[in-house]
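Let me begin by presenting the structure, written as structure tokens, before commenting on it.
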Amino acid sequence: MPIISFISLLLGGFIAGTFGALLGLGGGVLLIPFLVIILGVPMHQAIATSIIAVIATSSAGAAMNLERRTVHIRLGMLLEIATVTGAILGGITANYLSASVLAKLFSGLLFLIALVMIWRARQHRGQEPIYTDGALPGSFYDDADRKTVQYTVKKIPAALLVSIVAGNVSGLLGVGGGIFKVPAMHILSGIPMKAATATSNFMIGVTAAASAFIYFAHGHLNPFIASTAALGVLAGSMTGVRVSRRIHGNMLTWIFALALLGISIQLYLR
Amino acid sequence: MPESISISYDARHDAECWTGRVLRIGVWVSASLMIAGLLFGAIYPSTIVALSSNPTLGNLVMRMLSGSFDPVTLMFAGLVFLMFTPILRVITAVIGFGVERDWRFVFVSSIVLFLLSGEIVYSIFIKG
């Protein structure tokens with residue numbers, strides 16, 4: 001592999017991982033456009049590479065969240081039945097779709113993500129509603145408020161339905177799917193934001209693994225591209241988590257939401 | 001806190017810690033294999049064996065068992081180990097729920113494991 005390709009992949013993965021962690025997105029959302037538009041990697045290979053990067057960052061992040069006890073393991077396992085089913089179907093479907101159809105679908109996804117980011121940036125955070133009359137009780141210690149937060153889960157069937165969609169998008173387009181799961185868990189099921197984010201991140205690795213073997217079997221996994229980009233994304237996401245504690249994210253969210261809209265249009269027109 | 005609840009809470013935290021360890025070890029082992037493959041290939045480019053661009057799981061296992069640790073095999077081994085890491089996490093959860101005697105969630109996590117196993121079998125079936 002030429003040294004220039006190696007450096008581009010490592011650096012691109014690092015930047016995608018850093019900003020992905022800063023913005024609360026998986027690295028894949030930024031990695032796939034970088035691989036396809038800048039490096040000219042075929043769409044299916046870019047998706048397979050992103051899936052590998054998603055497994056790496058999710059596993060590393062979930063290990064940390066499990067020690068902090070912010071993950072609701074039981075809810076995660078239950079919703080994984082839906083995300084894994086969706087991801088397997090997505091992985092199988094993706095291999096029957098052309099690169100241009102996948103690029104257009106990914107462009108639509110980026111557009112949706114940009115709108116969700118703008119919506120979140122405009123929201124004023126108030127007191128989170130906590131429900132105690134649902135199922136699967138959970139709790140975690142909130143470092144910021146210095147108190148133990150106890151909660152239950154409401155509307156599990158609705159969360160399962162959204163999880164099938166999240167898993168399907170993950171398998172089809174190589175992203176984590178947290179953009180669907182986190183709002184569903186928080187808004188529909190009444191799970192505190194920290195627990196919803198940690199539980200979604202915990203689930204993403206298994207969801208991605210569900211389609212990874214299908215991409216591998218179809219020969220879309222290039223060892224040089226996947227290894228280099230995954231290592232870059234992994235290092236970048238670790239850096240992003242550290243930096244995120246020190247910077248104010250709202251302006252960054254706006255800039256990246258507008259950038260994603262631009263990338264979305266460029267991918268659509270390709 | 002009553003003793004029974006305390007024991008259950010400790011067991012639950014132990015299970016969470018074990019699951020976290022499995023994920024952490026999985027990431028480090030696979031990252032090490034990928035780094036080793038990339039470094040090996042950069043230092044000794046002549047050792048890069050052109051594995052077919054589309055190897056099977058069986059190919060990889062056979063190459064590793066025969067001691068052929070060329071750069072491409074090392075990288076693929078790292079990637080495949082990483083792909084198996086979340087599956088190991090699900091197996092740990094099945095065991096963890098079993099230790100807690102939470103049979104309902106042993107069943108739930110077994111379904112996830114069954115789906116993932118089915119996907120691997122499907123992949124082997126389409127690829128060989």
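Note on naming: letters A, B, ... go to the chains in the order of the sequence lines (proteins, then strands), and numbering restarts at 1 for each one. Keep in mind it's a predicted model, so treat the numbers as computed, not measured.
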For this session: Could you grab the distance from atom CZ of B:R89 to atom CE of A:M77, nearest 0.5 Å is fine?
Result: 6.0 Å

For this session: Taking the side chain as every heavy atom from C-beta outward, state whether A:L221 and B:M83 have any atom pair closer than 4.5 Å.
Result: yes

Seminar exercise, completed: Interface check, chain A: of B:I120, B:I87, B:V80, most non-hydrogen pairs under 4.5 Å belong to B:I120

Seminar exercise, completed: Closest non-hydrogen contact found for A:A217 with B:S123 is CB-O, 3.6 Å

For this session: Please check if atom OH in A:Y141 has more than 12 non-hydrogen atoms from other residues, nucleotides or ligands closer than 6.0 Å.
Result: yes

Problem set entry | Rounded distance (nearest 0.5 Å) linking atom SG of B:C17 with atom CZ of A:R69 | 7.0 Å

Exercise. More than 12 heavy atoms of other residues, nucleotides or ligands under 6.0 Å from NZ of A:K154: is that the case?
Worked result: yes

For this session: Please look at A:L136 and chain B and tell me whether the side chain, the backbone, both or neither of the residue comes under 4.5 angstrom of a heavy atom of that chain.
Result: side chain

For this session: Would you check, one step at a time, whether the test side-chain contact (heavy atoms from CB on, under 4.5 Å) holds for B:D102 with A:R74?
Result: CA-CA 10 Å; B:D102 186 342; A:R74 281 170 173 73; 2.9 Å; yes

Problem set entry | From CE (B:M75) to CG (A:L231), nearest 0.5 Å | 10.5 Å

Exercise. In Å, rounded to the nearest 0.5 Å, how long is the span from CD1 of A:I92 to OH of B:Y122?
Worked result: 4.0 Å

For this session: Quick one: pull up CG in B:L116 and CZ in A:F213 and give me the separation to the nearest 0.5 Å.
Result: 8.5 Å

Problem set entry | Sole candidate of B:L74, B:L38, B:I35 that passes side chain to side chain contact (heavy atoms under 4.5 Å, CB included) when paired with A:S227 | B:L38

Problem set entry | Region of B:F97 that comes under 4.5 Å of a non-hydrogen atom in chain A | side chain

Problem set entry | Region of B:V27 in contact with chain A, defined by heavy-atom distances below 4.5 Å | side chain

For this session: Flag the one option from A:L78, A:I51, A:L234 with the top tally of heavy-atom pairs under 4.5 Å to chain B.
Result: A:L78

For this session: Identify the residues of residues 164-181 of chain A whose heavy atoms come closer than 4.5 Å to a heavy atom of chain B, ordered by number, or report 'none'.
Result: none

Problem set entry | Winner by heavy-atom pair count (cut-off under 4.5 Å) against chain B, out of A:A226, A:A212, A:G205, A:A210 | A:A210

For this session: Test side-chain contact (heavy atoms from CB on, under 4.5 Å) on B:T19 and A:F202 and set out the steps.
Result: CA-CA 11 Å; B:T19 309; A:F202 173 75; 4.3 Å; yes

For this session: Examine whether an atom of B:L82 lies under 4.5 Å from a heavy atom of chain A, and if so say whether it belongs to the side chain, the backbone or both; otherwise answer neither.
Result: both

Seminar exercise, completed: Within residues 52-60 of chain A, the residues sitting under 4.5 Å from chain B by heavy atom, in sequence order, are A:I52, A:I55, A:A56, A:S59, A:A60

For this session: Nearest 0.5 Å please: distance from the CD1 atom of A:I81 over to the CD1 atom of B:I111.
Result: 4.0 Å

Exercise. Can you say whether A:Y215 sits under 4.5 Å from chain B via the side chain, the backbone, both, or neither, judging by heavy atoms?
Worked result: neither

